[in-house]
K.L.:
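Sharing a structure with you now.
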Protein chains: 2
Amino acid sequence: MNKRITIYDLAKTLKVSPGTVSRSLNNHPSISDKTKQRVIAKANELGYKINKFASNLSSQKSNTIGVIVPKLNSNFMSTILAGIEKVVNEAGYSLIISQSLESMEKEKINSMTLFNSGVDAILVSLAYDTTDYEHFTPFIKHKIPLIFLDRVPNLPECLTLIIDNYLAGFEATEHLIEQGCKNILYIGGNQNRNVYLERFKGYRAALKKHGLDYSFDELLETDLDPRNIDEVITYIKNHPTPIDGLFVASDSFAAHCIKELKKVSFKIPEDIKVVGFNNDPISELISPSLTTINYPGYEMGVLAGQSVINQLKGNIDMQATNAISLRHELIIRESSTIK
Amino acid sequence: MNKRITIYDLAKTLKVSPGTVSRSLNNHPSISDKTKQRVIAKANELGYKINKFASNLSSQKSNTIGVIVPKLNSNFMSTILAGIEKVVNEAGYSLIISQSLESMEKEKINSMTLFNSGVDAILVSLAYDTTDYEHFTPFIKHKIPLIFLDRVPNLPECLTLIIDNYLAGFEATEHLIEQGCKNILYIGGNQNRNVYLERFKGYRAALKKHGLDYSFDELLETDLDPRNIDEVITYIKNHPTPIDGLFVASDSFAAHCIKELKKVSFKIPEDIKVVGFNNDPISELISPSLTTINYPGYEMGVLAGQSVINQLKGNIDMQATNAISLRHELIIRESSTIK
DNA sequence: TTGTAGGCGTTATCAC
DNA sequence: GTGATAACGCCTACAA
């Protein structure tokens, strides 16, 4: 095909120096408007396209932001991604997205890859089993903005975006108590992850506040994989004190619970009241519709996008802020209330 | 902090030439094993990291694959993406993902951006309203592999991955007919998109085969946005001949239909039988559970990934193949059957 | 088997 | 306001 037009080609045909062409295209102030017009016109005419490879090398920037999420095929994560993409794209950045598949090993590899690709910043939501954070130090050392979302570590150097999982857990549980539940079971994921631990703590605090007996039996830690739903149902059926309330840290898993519980003749909400988490689209479509905590994923994505952009443009000194907490909201539906 | 180690630094400390270092690191055959070992050892010791910017410029490759999807926050799309990501990542490529937000204009901008970023290949699922395909010609001209998924255009030059939407539509409809439906309504999206048009054609063919009356009234074209569900319900309620079967081109929209129809006292499946499309997780969680067409999104992603990799490595001459069709499957559940 | 040197296309620092 | 010229770090003929 016709060879790619470079700055040199433009310079030659315009009888100016390559430097002038470069500056014109970048709208540098020291170039006269006349020359700029000439250059830009000719560039369009000949179909000039910047060579990012060269420009990246020269500027040591890629206009690219890396993202590592546990899984792409999760409603919550893809909603966050949609928010991020919208914002950073408008600011002229591209997104390199990778998934850790809930494995710390892959998370390590991914962060190395992204670091080596020269991303200008990186956004991370931790894998299920990530326990050390050494793989993020290169970014910190090189002052590459590093922002954590939702599943975050305890690192003082970097910004984290979360909701108040503790409070959300508290509110969800208190709601169940107010609906008359006495034996509430919390079903959550790996307690190493802030999101599940905090929700549990909130749950516990609510029980305590209302003077309900608390024993560790009321915590059921699972991987929240629907394929393992049977164990959960068995656990509930065989529980010594009949369970009458369920706080499940994921809507999708809660939906499966409800479905299976109905199969074994539990009435929801009469026998067991259920509260989920995330306000997944599923929550309003199942029967009974699911009471849940609305988690503003899209807004979190947008905020994450804005935060990186601000850091990259040096607009605001985000160092001041360490953690931003978004507002959540209890949405009461049929699964926890009797008309 | 400590400056980045380059090939020159290694060369200096090892007292060899930069060229030798470069070749050692790339495992070039002309270098002795001894030297290679030495170089690699020292590289690890000093923490050498390749500078992608320089290497990209030199090789004119980015090891990067671009993706444009209509929306990130869709279960189907994120499932496809998960499959793509897994495969291409294992092959050493990164994914630059962008969303067109169902707008041709943004799709154009995105493809320009990706082209300019120098992606080695591009995967596309078309926006809702894309009608011309000029924005993809740069890729074709420069022989950059271009693969379409799911929502594809009619371009002979490039590979497309689809399922047989016609046949799927036929089977879905025939199933409804076999269940005794006489007045089946098809609810789908923009007929400009192959997926909706083909499903419709299949639907029509099934009606014809079984000698059912067909009138254009039975096609309801909508944007499949749940916010506009009311119009659809009104349409169904006021239909001159009572509708007893619904073939909806999206599970999510079908789920909303069922929910709203139940609200206005339709019994599903007794009054109206429903078949959806995609086998979205939602389909088995709602009541009644939704009969649907299983659409192997993850497999499609994997296949797409493998196809690009093959084209990039020149393994197989994919030019021979123009369209690959994956196997779909009718999953019969409660929404279309009476026990 | 290894070294040398030019090129990849852009940007930035000096001069003028 | 514009022109030289030197990085940027890697790759790869070609030479030795």
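Naming: A, B, ... by sequence-line order, numbering from 1 per chain. Small disclaimer: the values here were computed from a predicted structure and weren't measured. Only heavy atoms go into these numbers, but all of them, side chains included; no hydrogens, no water, no symmetry mates.
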K.L.:
Should the ring pair A/Y133 and A/F136 be called parallel, tilted or perpendicular, given that the plane angle runs from 0 to 90° and is split at 30 and 60?
P.N.:
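Taking A/F136 first and then A/Y133, their aromatic rings lie parallel (interplane angle under 30°).
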
K.L.:
How would you give the extent of chain A contacts on DNA chain D, as first and last nucleotide 5' to 3' within a 4.0 Å heavy-atom cut-off?
P.N.:
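Using the under 4.0 Å cut-off, the span is D/dG1 to D/dG9.
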
K.L.:
Write down the protein N/O and nucleotide N/O pairs, taken from nucleotides 1-5 of chain C, whose separation is under 3.5 Å; answer none if there are no such pairs.
P.N.:
unit_1: C/dT2; atom_1: OP1; unit_2: B/T35; atom_2: OG1; d: 2.7
unit_1: C/dT2; atom_1: OP2; unit_2: B/S32; atom_2: N; d: 3.0
unit_1: C/dT2; atom_1: OP2; unit_2: B/S32; atom_2: OG; d: 3.4
unit_1: C/dT2; atom_1: OP2; unit_2: B/T35; atom_2: OG1; d: 3.0
unit_1: C/dG3; atom_1: OP2; unit_2: B/S17; atom_2: N; d: 2.9
unit_1: C/dG3; atom_1: OP2; unit_2: B/S17; atom_2: OG; d: 3.3
unit_1: C/dG3; atom_1: OP2; unit_2: B/T20; atom_2: OG1; d: 2.4
unit_1: C/dG3; atom_1: N7; unit_2: B/R23; atom_2: NH2; d: 2.8
unit_1: C/dG3; atom_1: O6; unit_2: B/R23; atom_2: NH1; d: 2.9
unit_1: C/dG3; atom_1: O6; unit_2: B/R23; atom_2: NH2; d: 3.1

K.L.:
Is the distance from OP1 or OP2 of C/dT10 to the nearest side-chain N or O of A/N56 less than 4.0 Å?
P.N.:
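Checking C/dT10 against A/N56, no side-chain N or O comes under 4.0 Å of OP1 or OP2.
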
K.L.:
Kindly indicate whether the side chain of B/F148, heavy atoms from C-beta on, has any atom under 4.5 Å from the side chain of B/L155.
P.N.:
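Heavy-atom side-chain distance check passes, below 4.5 Å.
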
K.L.:
Under 6.0 Å between ring centres, would you say that holds for B/F115 and B/H135?
P.N.:
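No; B/H135 has its ring centre 6.0 Å or more from that of B/F115.
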
K.L.:
Does the pair A/R151/A/E102 count as a salt bridge with the N-to-O cut at 4.0 Å?
P.N.:
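Salt bridge: yes.
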
K.L.:
Give a yes or no on whether B/K86 atom NZ has more than 12 heavy-atom contacts from other residues, nucleotides or ligands under 6.0 Å away.
P.N.:
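Not more than 12 within 6.0 Å, no.
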
K.L.:
If I take atom NZ in residue A/K12 and atom C1' in nucleotide C/dT10, what distance separates them, rounded to the nearest angstrom?
P.N.:
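Rounded to the whole Å, the gap is 16 Å.
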
K.L.:
Roughly, in whole Å, what's the span from CG in A/D9 to C1' in C/dG9?
P.N.:
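That distance rounds to 10 Å.
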
K.L.:
For A/S32 and A/T35, does a side-chain donor sit closer than 3.5 Å to a side-chain acceptor?
P.N.:
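Yes - a donor-acceptor pair under 3.5 Å links their side chains.
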
K.L.:
B/K61 has an atom NZ; how far is it from atom P of C/dG9, in whole Å?
P.N.:
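One finds 13 Å between P of C/dG9 and NZ of B/K61, rounded.
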
K.L.:
Using only heavy-atom distances, determine whether the side chains of B/S100 and B/S103 contain a donor-acceptor pair under 3.5 Å.
P.N.:
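On atom types as modelled, these side chains do not qualify, holding no pair under 3.5 Å.
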
K.L.:
What protein N or O atoms touch nucleotides 6-8 of chain C N or O atoms at under 3.5 angstrom, if any, and at what distances?
P.N.:
unit_1: C/dC8; atom_1: O3'; unit_2: B/Q60; atom_2: NE2; d: 3.4

K.L.:
Which whole-number value in Å describes the distance from A/Y48 OH to C/dG9 C1'?
P.N.:
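Interatomic distance, OH of A/Y48 to C1' of C/dG9: 8 Å.
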
K.L.:
Does the side chain of A/L46 come within less than 4.5 Å of A/L10's, by heavy atoms?
P.N.:
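Answer yes - side chains close enough.
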
K.L.:
Rounded to whole angstroms, how far apart are CD1 on A/I7 and C1' on C/dT11?
P.N.:
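Nearest whole value for this atom pair: 8 Å.
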
K.L.:
Between B/N322 and B/L159, is any pair of side-chain heavy atoms under 4.5 Å apart?
P.N.:
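No, every pair of side-chain atoms sits at 4.5 Å or beyond.
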
K.L.:
Are B/N56 and B/K61 linked by a side-chain donor-acceptor pair shorter than 3.5 Å?
P.N.:
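There is no such pair between these side chains.
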
K.L.:
Under the salt bridge (charged side-chain N to carboxylate O under 4.0 Å, His left out) criterion, do B/E85 and A/K106 qualify, and how do the steps go?
P.N.:
CA-CA 12 Å; B/E85 200 270 355; A/K106 182 131 196 274; 3.4 Å; yes

K.L.:
Under 4.0 Å from OP1 or OP2 of C/dT11: is there any side-chain N or O of A/S22 that close?
P.N.:
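Yes, such a contact exists.
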
